[in-house]
Structures are given as C-alpha cells and as structure tokens.
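One structure below.
Note that this is a predicted model, so its numbers are computed, not measured. For the numbers below, each heavy atom of this structure counts, side chains included, while hydrogens, waters and symmetry mates do not. If you read the sequence from its start, that first residue is 1, and numbering goes on from there. When a ligand or atom number is given, it counts from 1 through the structure's own listing order.
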Amino acid sequence: MKFYNLKHPEQEVSFSQAVRQGLGKNQGLFFPKELPKYDDIENLLSMPLVERSVKILYPFVADDLTEEEFSSIVTRAFNFPALVQPIDENNSVLELFHGPTLAFKDFGGRFMAQCLQSFTQGDNDKITILTATSGDTGAAVAHAFYGLENIKVVILYPKGKISLLQEKMFTTLGGNISTIAVDGSFDDCQELVKRSFDDLDLAKAIGLNSANSINISRLLAQISYYFEAAAQLYRQRGKIDDLVFSIPSGNFGNLTAGMLAKAMGLPIKRFIAATNANDTVPRYLKTGEWSPNETIATMSNAMDVSKPNNWPRVEHMLKSGILSEDCLSSVAIDEEQTQIAMHKLNGLGYISEPHAGVAYKALSYDLNDNEFGVFLGTAHPAKFKDTVESTLGRPLGLPKELADCAGETILSSQMNADFTDLHAFLMAHAS
Ligand SMILES: *Cc1c(COP(=O)(O)O)cnc(C)c1O
C-alpha cells in the first residue's frame with residue numbers, strides 16, 4: 001500500500017519511505033491511500049494479540065515486507081500485554097503501561113524501531129535517531145532502539161529539569177544510545193533538533209530520523225490495542241457496539257489510531273478526546289476556530305501540547321467522510337477535576353495517575369446510560385509517583401523496571417545549547 005502526503009496528495013511513498021522520512025513535503029503528514037476493511041470481526045477478536053495484529057496491519061506494509069518478516073517484527077515489538085481492568089459496572093480501563101518503560105509509547109516506539117531496523121540495508125546504511133525529550137518519549141525511544149544494529153540514538157534533554165528517576169530511565173543504557181544533558185530548556189533542546197534537521201548536509205550524512213509521534217509506523221502499531229481491548233471486552237461482556245473510548249490526548253496520535261481502527265471495521269461506538277487545560281481541540285470543535293494558546297504546564301504533563309501535530313489526520317478522517325463527525329467529542333478537564341477523578345478511582349480501589357484521571361473524568365461528563373466507557377491508562381502511576389502520592393496522600397511502591405534503573409549510573413554528556421557543539425557531537429558519534 002502507498003501512503004500520500006495530506007498537504008500534497010500527489011506525493012506518494014511506500015511504507016518504508018514513510019517510516020524513514022517521517023514527514024512529507026512542506027511538513028505534510030502521510031496517510032494510507034486506502035484502509036483495509038474487516039467484516040469478520042468475531043474471528044479477528046478470537047485471535048491472540050500478535051497474530052491478530054499481523055493480520056490487520058499486514059496490508060499496510062505488504063509492498064515492503066513478507067508476512068514472515070512482518071510477523072517477526074510484531075512478535076519482537078509486542079512482547080508485553082495490553083490489559084482491560086474493570087472499574088465499575090459501566091467503565092473499564094485499558095492499561096497500556098506494561099511495556100519496558102511503563103508507558104503506552106512503548107507500543108509505537110518498539111514497532112517503529114523494529115520496522116526501521118528491517119529497512120536498513122547493510123553497513124553503509126546508517127540511521128541516527130535524534131530526539132528531544134521532557135521525559136516519557138526519551139525512555140520509550142531509548143529502550144526500543146537499544147542494541148539494534150546500524151541505528152544510533154541521540155537524545156537531548158534539559159539538564160536538571162526532569163526528575164532523577166525519569167533521567168535514569170534513558171541515560172543509563174549506553175551502547176548505541178547517547179544522551180546529552182543540555183544547559184537550557186526543553187524548547188532549547190527542540191530548537192537544536194530542528195536546526196539539525198534543517199541542516200540537510202548533516203541530515204544526509206548521518207541519516208537523521210526523529211522517531212516522533214507523527215511517524216506513521218507508531219500510529220499503525222497503536223491500532224492493535226483497540227482491537228485487543230475490544231477482544232477482551234467481547235469475552236467479558238458479549239458485546240462491543242456500545243463502547244466509548246476516552247483518550248487522554250496531547251498530540252492526538254492515540255486518538256488517530258483509535259479512529260483508524262473504527263474505520264477498518266472495529267465497531268466502536270464513538271470517541272472522547274480528553275485534554276487538560278491545553279484545550280485547543282475542544283474549543284475548536286465548539287467554535288470552529290483553531291486558536292492555540294500558550295502551552296500551560298499541568299499535572300498531566302505529557303499532554304501539555306497546544307498545537308497537536310496529529311490533528312490534520314483526525315480532521316481528514318472526519319471531513320472526508322471516512323468517519324462521521326458525530327463519532328468524536330472533546331472535553332477539557334482542569335487540575336482540580338483531575339484530582340477529584342484520581343480520588344474517585346482510588347475509592348473504587350484503583351490507583352491512577354493524572355493522564356488516566358483526565359480521561360476517566362471526561363467519561364463521567366459525557367457517557368450516556370446505554371454506553372460502556374473505556375478510558376486509556378497511558379502510564380504506570382509510579383511514573384508520576386510524587387503527584388500521585390501528594391494527591392492521594394498514600395505512599396506508592398516502585399515497580400521493578402523503575403527500581404532496577406534507580407541504582408544505575410547516568411552516562412550523559414553535557415552540552416551548552418549550541419548548535420556547533422551538537423553538530424560536532426553528531427558527526428563524531430553517529431557517522
Ligand atoms: C504521550 C502521552 C499522552 C498523549 O498521547 P498522544 O498520542 O500524544 O495524544 C498521554 N499520556 C501519556 C502518559 C503520554 O506519555
């Protein structure tokens with residue numbers, strides 16, 4: 001299957017090109033030319049995660065990979081489960097944080113890493129993943145690419161501005177993973193990344209790729225767990241056509257994947273895009289006006305995004321009739337309501353973190369009597385230990401993944417926020 005540029009529909013690329021390039025001409029996002037449609041849903045839902053994911057995703061990659069190659073990619077990428085847990089009689093949570101870095105980004109990150117690995121051809125074909133992180137993305141990317149041949153990873157982060165535990169989750173690996181503590185802000189780090197991509201000679205010399213959430217491979221991976229959630233709920237409840245997914249949204253990649261799953265035939269009823277105070281989308285759906293404000297810092301900091309970069313894909317699906325406009329609503333949840341939701345869940349015997357809290361709260365506003373709510377648990381509560389402990393007033397243990405890296409040594413280099421220094425580092429480390 002080919003993928004085309006939503007800004008320049010005449011630009012068509014293969015899956016492997018879309019994965020390696022990330023963005024099309026003029027920063028346009030790639031979108032599949034057609035969507036496979038499944039009507040044997042019951043049969044699909046009866047399969048295990050890996051086998052089903054190979055089956056539903058293979059049409060997207062068939063020009064580039066054999067089914068055996070693709071099957072081994074999916075097997076290596078999805079080596080941990082997605083789990084639906086009951087909350088009360090009308091709601092369940094889909095826990096997506098059982099991967100190595102305890103966040104849903106492990107699904108997309110690991111799948112993308114395995115795809116890229118299989119698209120590099122021999123020793124002269126080098127790829128350098130360069131990314132800036134304020135926390136979660138760095139860990140998922142570092143672990144996903146760790147130990148892969150012909151791929152180097154360089155991660156920039158603002159020195160002293162992320163928690164020690166967050167820092168240890170991606171700076172202690174070594175090997176093909178280089179990390180740089182930049183004397184500056186997250187924006188400085190992003191600016192350095194952007195300048196590197198703008199330097200076409202550099203980009204070409206070291207095969208730059210950003211691995212960020214606009215990469216189509218990450219979205220394809222995420223389609224899988226909507227089918228998996230439906231499979232588990234079908235076994236538990238015997239029906240799925242009343243499901244409403246509430247998705248804690250930042251760059252709206254997770255929502256895009258859910259909508260793709262519905263467009264491919266999964267009979268989900270509708271979606272709620274839940275945001276924090278960064279409410280560009282809920283305001284847009286209400287007023288028709290796209291007017292991003294300054295980004296506001298909140299407890300659910302992975303959603304502190306005011307210009308969500310996947311929105312054009314969502315808009316395309318709604319405007320082109322792939323899905324009907326009434327399958328999406330959006331609501332913004334403030335800090336107080338987030339904490340109230342975390343307390344409510346705690347009272348029901350479920351410890352959650354702020355991102356899931358936002359999504360659960362949105363369901364309580366928007367779910368009808370004849371509907372069943374599923375909110376996404378995008379991160380393990382221990383990743384937001386301080387916030388969860390201070391909100392709920394109870395101590396939280398560390399899961400093994402976090403406890404293990406707490407004792408390791410940070411291997412980062414230090415750098416000023418200076419492009420000349422970064423250029424020299426990249427040329428020395430990545431080529
Ligand atoms: C990245 C992230 C989100 C937002 O997901 P998008 O696909 O960018 O909307 C939500 N919660 C957590 C914990 C995240 O890390």
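- Between the side chains of Asp304 and Asn276, at least one donor N or O lies within less than 3.5 Å of an accepting N or O.
- Salt bridge Arg110/Asp106: absent, no basic N to carboxylate O contact under 4.0 Å.
- Exactly one residue among Leu260, Leu219, Leu255 makes a side chain to side chain contact (heavy atoms under 4.5 Å, CB included) with Arg313. That residue is Leu219.
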N/O pairs closer than 3.5 Å, ligand 1 and protein:
unit_1	atom_1	unit_2	atom_2	d
ligand 1	7 (O)	Gly253	N	3.1
ligand 1	7 (O)	Asn254	N	2.9
ligand 1	8 (O)	Asn251	N	2.8
ligand 1	9 (O)	Gly250	N	2.8
ligand 1	9 (O)	Asn251	N	3.3
ligand 1	9 (O)	Phe252	N	2.9
ligand 1	11 (N)	Thr378	OG1	2.8
ligand 1	15 (O)	Lys105	NZ	2.5
ligand 1	15 (O)	Asp136	OD2	2.9

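- A tilted orientation is assigned to the rings of His355 and Phe384, their planes being inclined by 30° to 60°.
- Ring planes of Phe111 and Phe15: tilted class, angle from 30 to 60°.
- Counting only distance, with no hydrogens or angles, the side chain of Tyr365 and the backbone of Val331 share no donor-acceptor pair below 3.5 Å.
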